[in-house]
Each structure stands twice: as structure tokens, then as C-alpha cells.
Amino acid sequence: MRIHAESTWTPPPPDPDQPPAQIRRILRLFRPYRGRLGFVGLLVGASSLVGVASPFLLREILDTAIPQGRTGLLTLLALGMILTAVVTSVFGVLQTLISTTVGQRVMHDLRTAVYAQLQRMPLAFFTRTRTGEVQSRIANDIGGMQATVTSTATSLVSNVTAVIATIVAMLALDWRLTVVSLLLLPVFVWISRRVGRERKAITTQRQKQMAAMAATVTESLSVSGILLGRTMGRADSLTRSFADESERLVDLEVRSSMAGRWRMATITIVMAAMPALLYWAAGLALRAGGPAISIGTLVAFVTLQQGLLRPAVSLLSTGVQIQTSLALFQRIFEYLDLPVDITETERPVRLERIRGEIRFEDVAFHYDAGDEKSGPTLDGIDITVPAGSSLAVVGATGSGKSTLSYLVPRLYDVTGGRVTLDGVDVRELDFDTLARGVGVVSQETYLFHASVADNLRFARPDASDAEIEAAARAAQIHDHIASLPDGYDTLVGERGYRFSGGEKQRLAIARTILRDPPVLILDEATSALDTRTEQAVQRAIDALSAGRTTITIAHRLSTVRAADQIVVLDAGRIVERGSHAELLARGGRYAALVHGDTRMDADDTGSAGGAHTATPPLPWDGGAAAPDGASVRPASPRSGGHRRAGW
């Protein structure tokens with residue numbers, strides 16, 4: 001069982017020239033650190049040259065110093081071999097330090113780039129992509145590249161240099177033995193390339209499976225997931241589902257580890273057997289009357305050949321690792337290459353002082369602009385909200401209310417017409433102006449797993465304790481916070497589950513008060529609350545709305561009655577507009593919906609005896625019948641076009 005359907009987003013088809021292009025792109029990641037990498041290259045070259053000197057010293061010991069009894073020369077040569085080992089070890093430590101530092105910086109750059117790219121993605125991307133999938137790209141995929149970016153580059157340079165230097169030294173000793181040693185090298189390269197392609201394919205499957213498992217964990221082990229699983233009696237089923245996901249991952253991990261393992265082992269065996277073959281070839285050559293090879297030369301050559309074994313096998317393994325890592329880089333590059341629909345213009349407008357006038361000018365919006373079968377979510381919307389005034393937007397679920405409000409802070413961009421703030425198209429404003437100018441309080445309050453104070457300071461990191469307390473008092477939540485054992489240092493818990501719905505909503509209002517935006521959007525901020533809690537939150541909203549331009553996605557009659565103007569949406573179009581009194585007097589769609597509930601009607605006409613004491617939901621959100629035989633959808637925790645099919 002899967003908690004969610006798989007993401008509908010699919011990566012672009014592979015480019016036949018992708019591997020070379022990917023390698024060039026990977027190399028560009030290291031460009032900012034080319035100075036340090038150049039120094040590593042010098043260390044590698046010096047280490048390789050020093051390393052190949054040892055066999056030549058050994059030859060002199062065997063052919064000259066020992067046979068001739070030259071003790072002084074023997075001492076110098078032995079000290080030279082010891083010094084060679086010390087120098088290569090020191091150089092190796094320095095190489096590891098610098099290359100690991102560079103690799104970790106590259107991983108940091110990748111993680112930051114992916115996170116920044118995701119921050120720029122439109123809201124629609126996150127409505128169709130599983131959270132666990134996003135987390136897996138940042139954690140598992142980039143984490144899986146650690147060995148590649150921290151050590152592969154240095155290993156590649158080091159091994160190539162060592163192989164070249166060793167082969168040159170071998171040729172200097174005896175070219176015939178060198179030819180014998182290198183006969184099978186092309187076969188080894190071919191084998192390693194095949195193994196690399198196999199592991200790359202398996203790695204792609206493995207990372208997808210890890211992403212699926214991460215998504216399952218994220219969804220089922222969240223507070224909401226635990227509550228749903230236990231109340232539905234599905235804990236055992238979820239455990240079995242996770243076990244199945246884990247079992248598939250086990251199979252892929254084993255396949256990845258064993259892919260080409262026997263072929264690579266064969267290479268190691270053959271190269272390890274080369275010394276015996278060399279001794280055998282030298283013996284046959286001597287018996288056949290060929291030129292004699294001194295014992296020192298033969299031992300020095302075998303030492304070089306054995307020294308060639310490690311970098312050669314490591315080089316072949318590095319090739320396999322690079323091909324495997326290409327699958328991980330491809331998944332990361334897919335995210336980095338995602339098109340960002342909502343961006344700043346080349347020269348964005350910055351408003352230092354924001355009055356708060358909002359205009360919707362012939363606005364149209366379509367979630368799937370390329371899909372001609374589905375109609376627009378909004379069409380022909382013309383509304384002017386003067387600075388400091390209030391607008392209430394009402395309508396059936398799915399009529400486009402929330403979508404309309406999301407166009408102001410550019411959570412979505414219009415597909416036709418324009419939305420302006422103080423006469424400037426919001427698409428031409430810089431993001432900082434929009435963030436300062438427009439605040440949103442939605443029904444779905446989100447709190448971080450941090451203290452109350454830290455959650456409030458998210459709106460304004462430089463806010464003082466006194467300012468935080470003032471905002472909490474205005475939001476009618478200070479007394480409750482003060483009654484907690486740790487006060488403002490109390491942890492709110494995962495997604496704020498230590499607080500009730502009304503308390504979380506008032507914390508969100510306090511956070512917005514601290515931000516102090518001139519334009520306020522209230523997206524059904526009280527629709528899921530009981531009457532008593534709703535009244536407390538409404539008082540906080542009234543304090544927040546004072547003197548601001550306010551757009552309210554209406555659910556309760558109280559918020560509709562007080563608005564300067566009311567707009568009724570139906571299927572993305574405005575069907576009525578006016579004040580509460582004007583629309584009631586007109587006797588149209590709005591009046592019919594209001595009078596569909598006798599309690600509201602009594603309150604409106606004054607026959608209930610005065611003050612408004614209860615704020616029941618408007619009929620279109622309660623499943624009541626609409627006028628003229630129109631069907632009204634049942635109540636939903638969320639309203640707005642963004643809940644259409646596919647979103």
C-alpha cells in the first residue's frame with residue numbers, strides 16, 4: 001500500500017550525448033576550487049615521482065651495494081628508501097586533507113543550490129511532488145556522491161600520474177617485460193566500462209526506491225500520519241508496506257554491490273599473478289639464450305609492476321564509480337534544471353512605502369494552461385480594493401476563492417490580465433516588496449518544531465521580546481503562552497500539535513502582526529474552528545485587520561457582513577458584487593444563499609434580538625441547496641481552485 005500516488009512530475013528524456021555533457025558540468029562544479037586542486041596535482045605528481053624512485057634504489061642495493069660490500073652506499077640507499085616512504089606518506093595526508101575539503105565544499109554548493117532552486121519553485125510543484133522525494137534528492141542522492149566528489153578527483157589524478165610514472169620507469173628498466181605486463185590492459189578497461197554501465201543502471205533504480213521509502217516514512221511517521229494510521233487501524237498494514245519497500249531496497253543494494261564483482265576480481269587475480277609470469281618469462285628468455293636480466297633489474301621491475309597493480313585497479317574502480325555517480329548527478333541536475341515559472345524581472349520595482357491598493361484587471365488563471373479540455377479556474381476578474389478597505393470573496397467550494405487570493409503574493413502568476421499593488425503589476429515588483437507588503441493567514445497554520453518565540457520571530461528575526469509579547473497580546477494569545485511552564489520558550493511540537501487549532505491560528509496571527517504588512521489575506525482563517533474559539537480568533541483578526549487592506553476568503557457570516565465590498569464567485573467568474581446590505585436588498589444569488597439558513601436570516605433582520613452571538617457557516621460551505629437548482633458541493637476543509645483534479 002502506498003500513502004500517496006506517485007508524483008506526476010517526470011524527468012526529461014535522456015539526451016544521447018548526456019554522459020559527456022554531464023562530465024563537463026560536473027567538472028564545472030570544481031572550478032571555484034581550481035587553485036587548491038592545482039596544488040593537490042603538484043603534490044600528486046611529486047608523490048608519484050618520489051614513489052617510483054624506490055625500485056631504482058632497490059636495484060642498486062641488489063646489483064651494486066651488497067655484491068661489492070659497499071657499506072656506506074648501502075646505508076645511503078636504505079636511508080633513501082625510508083625517506084621515500086616518509087615523503088609519500090606526508091604528501092598523501094596533505095592530498096587527503098585538501099581533496100576532502102574541496103569535495104565537501106562542492107557537496108555544500110550542490111545542497112545549497114538544490115535547496116535554493118526548490119525555494120524558487122511554484123506552489124504547484126509541491127502539490128504534485130511527495131515531500132519524501134524532495135528530501136531524498138537532497139539527503140540520499142547528494143550524500144551518495146560523497147565518495148565521488150571528495151576523493152575521486154584526487155584519486156583519478158593520483159592514479160593516472162602513478163600509472164604513467166610507473167610505466168615510464170618500467171620501460172627504462174626493460175621494455176620487453178613492460179610489453180608482457182601491459183598485454184591485458186585493454187581487456188581490463190573494457191571489463192570495467194561494462195561493469196560501470198551495469199552499476200549506473202542499478203544505482204538509478206536504487207535511488208528511486210530510496211526516495212519512495214523516504215516518502216513513506218515522511219508521510220506515515222508524521223504526527224498526522226500516526227493519527228490517521230492508528231485511528232484507521234492500519235498500523236500493521238503500514239508496517240508491512242514499509243517492510244516491502246525495504247525488501248526491494250535490500251535486493252537493489254545487493255545487486256549494486258555484486259554487479260561485476262567477479263569480473264573485477266578476475267582482473268585483480270590476473271594482475272596479482274603477473275610477478276610469477278614475469279619470473280617465468282625471464283627464465284625462459286635466459287634458457288633460450290636471450291639477453292640476461294640482472295637479479296636487481298628483475299626484482300626492481302617486479303616491484304614496479306606490483307606498484308602498478310594498486311593504481312591500475314584503483315583507476316579501473318574509479319571509472320566504475322564515476323559511471324555509477326553519473327546516475328546520482330543526473331537526478332540532482334534534473335532538479336537544478338526545473339523551470340522556475342515565478343521569477344523577478346531583470347529590473348524589479350521596489351516600493352519603499354506601500355499604501356495597499358489592490359487591483360485585479362481582467363484576470364484569468366488556468367492551472368494547466370496547455371490543457372484545453374479543462375476550463376479556466378478564474379476568468380474575467382475585475383476588482384478594485386482601495387487602500388485600507390476590505391473585500392470578502394464568497395462562493396462554492398472550487399469556485400476559485402483561494403486561487404484569487406494567492407495571485408496577490410505571487411504564489412501563482414496570472415495567465416491573463418494582471419494584478420497590481422499600488423498601480424504596479426505584482427510581476428514587476430521585487431520579492432522583498434511583496435513579502436513586506438502582503439501577509440497571508442490561512443486555515444492551514446504551519447508552525448516549526450521550535451519555541452513559541454522562534455516561531456514568532458520567523459516573521460521578523462530582529463524583533464525584541466517586548467515586540468513579540470505585544471504581537472501576542474494583540475492576537476489574544478499572550479495569556480495562554482504566559483501560563484505555560486516555559487512561557488515563550490515552550491516548544492510547539494511537530495507542526496504545532498501541542499496547541500489547539502484556535503491557539504495555532506492565533507499564533508499565526510501574532511506572527512503576521514509582527515510582520516506588519518499593509519495588505520492582509522485571510523484564507524478561511526476561522527472556518528475549521530468551533531464558535532467560541534472562532535470568536536476569540538475573530539477578535540485577533542479584527543485587531544490585525546485594522547487600517548490594512550484586507551482580502552477575506554469568507555466562511556463565516558460575521559466576516560462577510562463587515563466587509564466594505566463582497567464578491568460572489570461562481571465557476572471562476574464574478575456573479576455579484578456589493579456590500580452586505582446592497583446584496584441582500586438586491587435579492588439575488590447572495591441573498592438566496594444567506595436566507596438559506598434561518599438563523600442567519602433572523603440575525604440579519606434583527607428578529608433574533610440584537611447582538612450577533614453565533615456565526616454559523618454560510619450555506620454554500622455546509623452542503624445546503626443552492627438557488628435555481630444549482631448543486632452545491634459538500635463542505636471541505638479547504639476551498640479554492642487549487643484543489644481541482646491533479647493539484
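Just so it is clear, the model here is predicted, and its values are computed rather than measured.
- Figure legend: cation-pi geometry between R25 and F333, with NZ or CZ positioned under 6.0 Å from the six-membered ring centre and within 45° of its axis.
- No side-chain heavy atom of N455 sits under 4.5 Å from any side-chain heavy atom of L507.
- Between S451 atom OG and D454 atom CG the span is 3.0 Å, to the nearest 0.5 Å.
- Looking only at side-chain heavy atoms (C-beta outward), T343 and R120 stay at 4.5 Å or farther from each other.
- Remark: the backbone N or O of R515 is not paired with any side-chain donor or acceptor of R460 at under 3.5 angstrom.
- A 4.5 Å side-chain heavy-atom check between L456 and Y488 finds at least one atom pair inside the cut-off.
- The residues R436 and D432 are annotated as salt-bridged, a charged nitrogen and a carboxylate oxygen being separated by less than 4.0 angstrom.
- Surrounding CZ of F431 are more than 12 heavy atoms belonging to other residues, nucleotides or ligands, all under 6.0 Å away.
- The two residues A463 and I468 come nearest to each other via the heavy atoms CB-CG1, 4.2 Å.
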In residues 74-91, what donor-acceptor pairs under 3.5 Å come from side-chain atoms, sequence neighbours left out?
residue	atom	partner	partner atom	Å
T75	OG1	T71	O	3.0
T84	OG1	G80	O	2.8
T88	OG1	T84	O	2.9
T88	OG1	A85	O	2.9
S89	OG	A85	O	2.9

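- Panel note: side chain T112, backbone H108; a donor-acceptor pair is recorded below 3.5 Å.
- Annotation for Q68: atom CD counts as buried by contact number, over 12 foreign heavy atoms lying within 6.0 Å.
- The pair R347-D430 does not meet the salt-bridge criterion, since no charged nitrogen lies less than 4.0 angstrom from a carboxylate oxygen.
- Proximity of L43 to I98: side-chain heavy atoms (C-beta onward) are separated by under 4.5 Å at one or more points.
- Side chains of F39 and L94 form no contact here, defined as non-hydrogen atoms less than 4.5 Å apart.
- Atoms CD and CG, on Q330 and D337 in that order, are 10.5 Å from each other to the nearest 0.5 Å.
- In this structure a side-chain-to-backbone donor-acceptor pair under 3.5 Å is present from E467 to S464.
- The minimum heavy-atom distance linking Q117 with L338 is given by the pair NE2-O, 2.7 Å.
- The distance from atom CG of L336 to atom CZ of F329, rounded to the nearest 0.5 Å, is 11.0 Å.
- The heavy-atom pair separating V106 from L29 by the smallest distance is CG2-O, 3.9 Å.
- A donor atom on one side chain and an acceptor atom on the other are found under 3.5 Å apart for Y33 and D109.
- Contact check for L110 versus I332: side-chain heavy atoms found under the 4.5 Å cut-off.
- The backbone N or O of L97 lies less than 3.5 Å from no partner atom in the side chain of T100, so there is not a single donor-acceptor pair.
- Looking only at side-chain heavy atoms (C-beta outward), L447 and R511 come within less than 4.5 Å of each other.
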